[in-house]
Amino acid sequence: MFFFRMIFRSFSRQFKRRLLIAVTVCLSATVSVAMLGVVFDVGDKLNAELSTYGSNITVQPKADAVVNDLYNTGGDANSNASGTSESDPTTFLKESDAPKIKTIFWAFNITNFAPELNIHADVNCASESVDSSSCKASSVPIVGTWFAKTLHMDSGESTVAGMNGMRSWWKLDGSWPKDDSAQGLIGTTLASKLGVATGDTVTLYKTTADGSLNKQQITITGIYDSGDSDNNAMYIPSSTAQVLANLPDSIDKIEVKALTTPDNDLARKASKNPNALTQDEWETWYCTAYPSSIAYQIEEVIPGSVAKQVRQVAALQGDVLQKTQAVMVLMTVLSLVAAAIAVANLMAASIGERGSELALLKAIGATDGAVSRLMLAETAVISLVGAIVGALLGSCVAQIVGHVVFGSGITMRPMVFVLVFVLLTLTVLIASFSSIRSILGLKPAEVLHGR
């Protein structure tokens, strides 16, 4: 009882100094919880944010991939027929195999994908509102794709895939075309060249491999601005492009957008040669959402394909993630160091003011351990109150950061609070060490006689 009465009496005195300790611990807890909460959740947030700017995995026919590697002719994830190549593809994948991407182990990490058939066709305007004599273009890049296609999986689940979600940065004047229709989008550069606007109709002419001439009227539902050479292309439904080119169920590329874990040494080793991994390494790599492991699993389900990560996107995601986490961890460490210094100084000042009180306790029989425990218990109670308040404030700050920076809330994991409380406990103990040493050095006779 004596011990608890002393705690109560000590707590009632020097209120201002104790309040400063509580505020210091509260601020440190706020910063620590907010920063570590974001650190543990920032990976998925950053990947989701960066993935809005294009795919990070591309799937090609194996023959095309070999040629690209030999002659360095492959483009980036968003390259298409509007790029450097003026010839149509000669090797293909089956469009009917594309939905199999959603059956791999990491299916839930595949946020979107879109198959493409990149061909070239001649364009003529077929609208009374457009001067047909000036509305002609030869060898225009045509991309047959999905826009917002609903897929019904064998598992009974449904998913929507297509360019509508893959090209979120496009500025679109109009609306997206419907899949399996005679509608299309046209880039601003090509639209200006042809003099067409939303609602106009153009006719595509395509000479197929067997020498026949096919034509297809396309109604323009929108004009897009991609900000790059893609503005010189036209996007139409894949089924319409396949009929035009007489290439049923054919695609030459699939763009895949996936939430991935940044590469490490294991992932880089596996990307060079998965067969070189040990059994344990293989299981770890295969069961982690590295870009290379997701690409490998895509190759397993799509016959004759080669899936590759877009190195620039993968490197950017990993680099940004590591730097962001490093900054937040550094802020956490600095807040803990500042808290340790502040608590140590406040406790030292408190002991200096209460020297006679502590000396009296020792004079009437209190041991050094009892006095030390008294001071630690007092500091622990104050710090606990500050830590609890700081944890609540830190959770609120983390949500604000999430909504301001990423447009969504932060998932606060229980381990964040456990880690912060452990770190604060160590910080307070370290800060209290020098003060406890000064308590052990008190000599009651000298202090009580004013020496």
Side-chain angles (χ1 to χ4, degrees), residues 52-55 78-83 95 98 112-132 134-151 158-206 214-245 247 250-255 257:
T52 62
Y53 298 100
S55 59
N78 300 321
S79 64
N80 50 44
S82 63
E95 183 184 38
N112 206 344
F113 63 97
E116 295 181 12
L117 176 60
N118 294 287
I119 59 176
H120 292 78
D122 298 333
V123 180
N124 248 340
C125 293
S127 174
E128 295 181 358
S129 63
V130 181
D131 182 7
S132 59
S134 61
C135 184
K136 295 180 180 179
S138 300
S139 193
V140 172
I142 307 295
V143 184
T145 188
W146 298 344
F147 295 102
K149 195 175 186 67
T150 300
L151 305 175
S158 297
T159 187
V160 177
M163 285 292 172
N164 197 334
M166 297 289 291
R167 297 289 191 269
S168 58
W169 71 91
W170 277 4
K171 297 178 181 179
L172 181 63
D173 180 14
S175 61
W176 289 92
K178 296 180 180 179
D179 289 296
D180 302 318
S181 69
Q183 299 177 344
L185 295 179
I186 189 171
T188 53
T189 302
L190 183 58
S192 177
K193 180 179 179 180
L194 297 175
V196 299
T198 300
D200 289 338
T201 301
V202 298
T203 303
L204 303 181
Y205 296 89
K206 175 67 176 176
N214 291 342
K215 69 176 183 178
Q216 174 68 54
Q217 287 191 339
I218 299 293
T219 300
I220 303 300
T221 63
I223 299 175
Y224 67 86
D225 182 8
S226 66
D228 54 26
S229 60
D230 205 18
N231 281 338
N232 196 45
M234 183 184 298
Y235 282 73
I236 64 175
S238 59
S239 58
T240 304
Q242 290 164 3
V243 171
L244 180 65
L247 295 170
S250 297
I251 54 175
D252 64 288
K253 185 170 70 170
I254 306 175
E255 291 190 18
K257 184 190 296 184

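Below, all heavy atoms of this structure are taken into account, side chains as well, without hydrogens, waters or symmetry copies. Note that the numbering runs from 1 along the sequence shown for the chain.
Remark: Gln242 engages Glu95 in a side chain to side chain donor-acceptor pair (under 3.5 Å) (not counting sequence neighbours). For Tyr224, the ring-ring contact (aromatic ring centres under 6.0 Å, His included) criterion is met by Trp170, Tyr235, not counting sequence neighbours. In this view, Val160 and Ala148, Thr150 satisfy the side-chain contact (heavy atoms from CB on, under 4.5 Å) rule, not counting sequence neighbours. For Ser158, the side chain to side chain donor-acceptor pair (under 3.5 Å) test picks out His152, with sequence neighbours left out. In this view, Thr188 and Asn231 satisfy the side chain to side chain donor-acceptor pair (under 3.5 Å) rule, not counting sequence neighbours. Every salt bridge (Lys or Arg N to Asp or Glu O under 4.0 Å) that Asp180 has, sequence neighbours left out, goes to Lys149.
Formation of a donor-acceptor pair under 3.5 Å by the Thr240 side chain with backbone atoms of Ser181 is found in this model. Panel note: side chain Asn118, backbone Val143; no donor-acceptor pair is recorded below 3.5 Å. Formation of a donor-acceptor pair under 3.5 Å by the Lys206 side chain with backbone atoms of Ala241 is not found in this model.
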Exercise for the section: Give the C-alpha distance, both sets of side-chain angles, the deciding distance and a yes or no for side-chain contact (heavy atoms from CB on, under 4.5 Å) between Glu116 and Met163. Expected result: CA-CA 10 Å; Glu116 295 181 12; Met163 285 292 172; 3.2 Å; yes
Problem - side-chain contact (heavy atoms from CB on, under 4.5 Å) evaluation trace for Ile218 with Thr201 - result: CA-CA 6 Å; Ile218 299 293; Thr201 301; 6.0 Å; no
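Applying the side chain to side chain contact (heavy atoms under 4.5 Å, CB included) test between Tyr205 and each of Asn124, Asn214, Val123 identifies Asn124 as the sole match.
By the 4.5 Å heavy-atom criterion applied to side chains, Asn112 and Trp146 are not counted as neighbours. Using a 4.5 Å cut-off on side-chain heavy atoms (C-beta onward), Leu185 and Trp176 make contact.
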